[in-house]
Number of protein chains: 2
Amino acid sequence: MSSPSATGRVAGTRRSREISIADIARVAGVSHTTVSRALRDSPLISQETRKRIQQLALEMGYTPNAIAQSLQTRRTSTVGLAVTSIADPFLSEVVRGVEEVARSAGLSVFLSATHNDPEQEIAVIETFHRRRVDGILVASSRITGEYKQRLDQIRVPTVLINSQAESQYELLHWVAVDDLLGARLAVEHLLALGHRAIGYVGTSSRPRSCRQRLEGYQAALASAGLAPREEWVTIMAAEEASPQEDVLCGRRALLRQLDAGVTAIFCQNDMMAIGVLMACHRRGIAVPRELSVVGFDDIEMASCIIPPLTTVRQPRIELGRLAMQVLLDLLHEQEGRNHVLAPMLVVRESSAPPPAS
Amino acid sequence: MSSPSATGRVAGTRRSREISIADIARVAGVSHTTVSRALRDSPLISQETRKRIQQLALEMGYTPNAIAQSLQTRRTSTVGLAVTSIADPFLSEVVRGVEEVARSAGLSVFLSATHNDPEQEIAVIETFHRRRVDGILVASSRITGEYKQRLDQIRVPTVLINSQAESQYELLHWVAVDDLLGARLAVEHLLALGHRAIGYVGTSSRPRSCRQRLEGYQAALASAGLAPREEWVTIMAAEEASPQEDVLCGRRALLRQLDAGVTAIFCQNDMMAIGVLMACHRRGIAVPRELSVVGFDDIEMASCIIPPLTTVRQPRIELGRLAMQVLLDLLHEQEGRNHVLAPMLVVRESSAPPPAS
């Protein structure tokens with residue numbers, strides 16, 4: 001404290017103004033230890049002294065230093081949350097759910113974006129570890145088997161959101177929505193309306209959910225005794241997993257779907273469905289009279305678009321809340337459990353029986 | 001370390017596995033001090049020893065403890081970001097801009113929601129302070145003059161996003177978009193199209209931007225020699241500042257605007273404009289042929305809605321980036337500056353000349 005600090009003016013000013021235990025001790029005319037005990041509610045000093053010093057600390061504007069406390073307790077009461085994209089409307093609700101539960105448990109959340117890049121995800125997790133977070137949450141993880149060894153080494157309880165880990169690692173758990181079931185619900189709805197030629201539009205940038213929703217689509221058609229034609233399935237090559245790119249994929253996919261002769265399209269997510277709706281609007285195709293369109297996620301926009309979108313609701317806030325709850329269980333020595341949440345079909349106005357041919 | 005810890009199994013496991021400087025010293029057969037110097041690249045030990053120990057630390061999976069470091073440096077390399085709502089599509093882009101700049105500067109971001117409640121905002125800021133964040137960012141702050149004294153006391157550099165502080169406090173700065181200019185641009189666009197009866201729809205839940213955008217609306221009309229009639233201005237009473245509530249306000253406001261005889265509506269934000277568009281769709285009113293609708297913000301949804309919305313673009317990512325940059329300047333002893341960003345009119349398909357009467 002005697003030499004000038006390299007961290008500069010602001011830190012210097014702050015240091016000179018911040019109230020320390022020593023300041024309180026000086027004003028109260030007691031020892032450092034007594035103040036420290038009073039602030040910790042220690043029974044080793046009289047109630048009267050305790051009260052007097054606590055009151056004084058309050059008046060002087062003393063704030064306990066969480067950093068110093070965490071070195072003692074070996075807990076930081078922080079968790080790290082890694083998401084592919086902060087501005088993704090699906091993830092922002094998940095983040096909200098995580099933060100709600102974390103805050104009510106007295107934990108603070110570090111938020112960081114991975115941009116869907118495994119290397120950035122690893123860098124983010126290493127940063128969280130250097131900050132000694134008590135736990136880590138990762139949405140739509142891209143980590144590979146190799147990296148799991150590292151997780152095993154750093155021993156930080158981790159919960160994956162919407163990516164399942166086939167791992168023996170005791171501190172790694174996951175919470176996910178049942179994509180296959182969701183896709184089945186969507187396609188069964190279109191089948192029940194009378195559609196037979198049903199298309200699927202997916203994106204290469206979100207391979208896990210694309211694969212699982214495609215499987216659900218195929219399973220539903222198979223249950224109805226239908227074999228999907230190859231040209232009914234359009235997987236768009238996308239540069240990145242972003243909402244903008246998803247809309248663009250949807251817009252571009254429409255022509256190929258129309259050429260394939262489908263009367264209904266099930267899209268991998270709502271942003272892609274919105275892209276399909278926009279392309280329909282441009283081409284003067286009336287939805288749902290001429291073409292039915294169904295999405296997946298039920299982002300906020302889905303109910304605001306015209307026509308309001310029939311889609312599969314992922315319980316997004318619940319997903320975030322549950323993931324954080326599983327992490328809390330792990331932090332409280334309880335057995336961690338993996339969870340599969342059931343999605344729900346939400347029928348709005350973008351789906352109807354096929355046009356009479 | 002000798003007594004069993006109250007923090008339980010997980011922390012215990014973690015403690016027993018984590019590689020410490022002492023572990024490295026034991027394996028390398030050197031002193032604790034030598035390892036510590038090697039890891040700090042100290043010139044007090046030979047380059048050879050330094051290299052050998054750094055390599056060993058890497059192999060053993062040693063991660064420096066940021067917590068211990070921050071007690072030495074009095075810096076935590078963390079910032080706190082308080083937002084009214086995490087799932088707000090406007091704010092999620094701002095958060096993204098903040099996080100991008102923070103990460104590239106080696107800082108981690110604590111994210112917390114205030115739910116538009118001054119008391120929660122104060123609680124969040126106190127938590128940030130207890131964590132000894134180096135700086136604080138607050139979006140759409142509700143803090144009052146009284147609380148600024150507290151900010152003055154804790155001496156943490158703070159940047160407000162989209163709320164200006166009339167304060168002498170040297171560490172409090174702000175970055176905001178020029179709401180008044182944005183509203184003028186929107187209304188001047190409608191005037192240029194030939195509209196004379198132009199309505200304004202705002203919400204009581206976002207009083208600052210409502211007032212400023214209303215002023216811009218009034219100024220634009222006045223410049224055109226028009227006095228807005230009282231019934232042209234509809235301020236909806238809203239329970240909370242949420243996207244859902246904004247849509248609802250927009251939906252409910254349409255009838256009052258139609259009764260007032262307007263041919264165009266300027267809405268306080270895009271979600272309200274989307275609510276107006278939805279209500280028009282329900283009532284069979286063709287936008288823009290029968291009624292023009294203009295929003296404010298240019299959230300992602302604005303370009304995806306049908307018809308694509310004419311609106312005023314707030315540079316959202318830039319707002320977040322710039323706020324974080326101002327905070328970095330403050331942290332690096334540079335003079336902090338307040339910034340006003342200019343918004344931009346984006347003409348899409350929801351505005352057209354008024355119907356011939």
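Proteins get letters first, then strands, A, B, ... in listed order; numbering begins at 1 in each. Heavy atoms only: backbone and side chains are in, while hydrogens, waters and symmetry mates are out.
- Residue Asp298(A) is tested with Gln314(A), Arg316(A), Arg348(A) for a side chain to side chain donor-acceptor pair (under 3.5 Å); the sole match is Arg348(A).
- Chain B forms more heavy-atom pairs under 4.5 Å with one residue of His281(A), Glu93(A), Arg103(A), Met278(A) than with any other, namely Arg103(A).
- Between the side chain of Asp270(B) and the backbone N or O of Ile299(B), at least one donor-acceptor pair lies under 3.5 Å.
- Heavy-atom pairs under 4.5 Å with chain B were tallied for Met271(A), Glu126(A), Gln244(A); the largest tally goes to Gln244(A).
- Chain B forms the most heavy-atom pairs under 4.5 Å with one residue out of Ile274(A), Thr78(A), Thr127(A), and that residue is Thr78(A).
- Judged by distance alone, the side chain of Ser77(B) and the main-chain N or O of Arg75(B) form no donor-acceptor pair under 3.5 Å.
- Counting heavy-atom pairs under 4.5 Å between each of Leu81(B), Val109(B), Val94(B) and chain A puts Val109(B) at the top.
- The part of Ser303(B) that comes within reach of chain A is its backbone (N, CA, C, O), which places non-hydrogen atoms under 4.5 angstrom from that chain.
- Proximity to chain A is absent for every atom of Arg251(B), based on heavy atoms less than 4.5 angstrom apart.
- Looking at Arg96(B), the atoms closer than 4.5 Å to chain A (heavy atoms on both sides) sit in the backbone and in the side chain alike.
- Residue pairs that meet the side chain to side chain donor-acceptor pair (under 3.5 Å) test with at least one member in residues 105-114 of chain B, sequence neighbours left out, are Glu99(A)-Ser112(B), Arg131(A)-Ser108(B).
- For Glu121(A), the side chain to side chain donor-acceptor pair (under 3.5 Å) partners are Ser141(A), not counting sequence neighbours.
- Looking at Ile305(B), both its backbone and its side chain come within 4.5 Å of chain A, counting heavy atoms on both sides.
- At a 4.5 Å heavy-atom cutoff, the contact between Val124(B) and chain A is made by side-chain atoms alone.
- Under a 3.5 Å cut-off, the side chain of Ser85(B) and the backbone N or O of Ser242(B) do not form any donor-acceptor pair.
- The two residues Ala102(A) and Met324(A) make their nearest non-hydrogen contact at N-CG, 3.7 Å.
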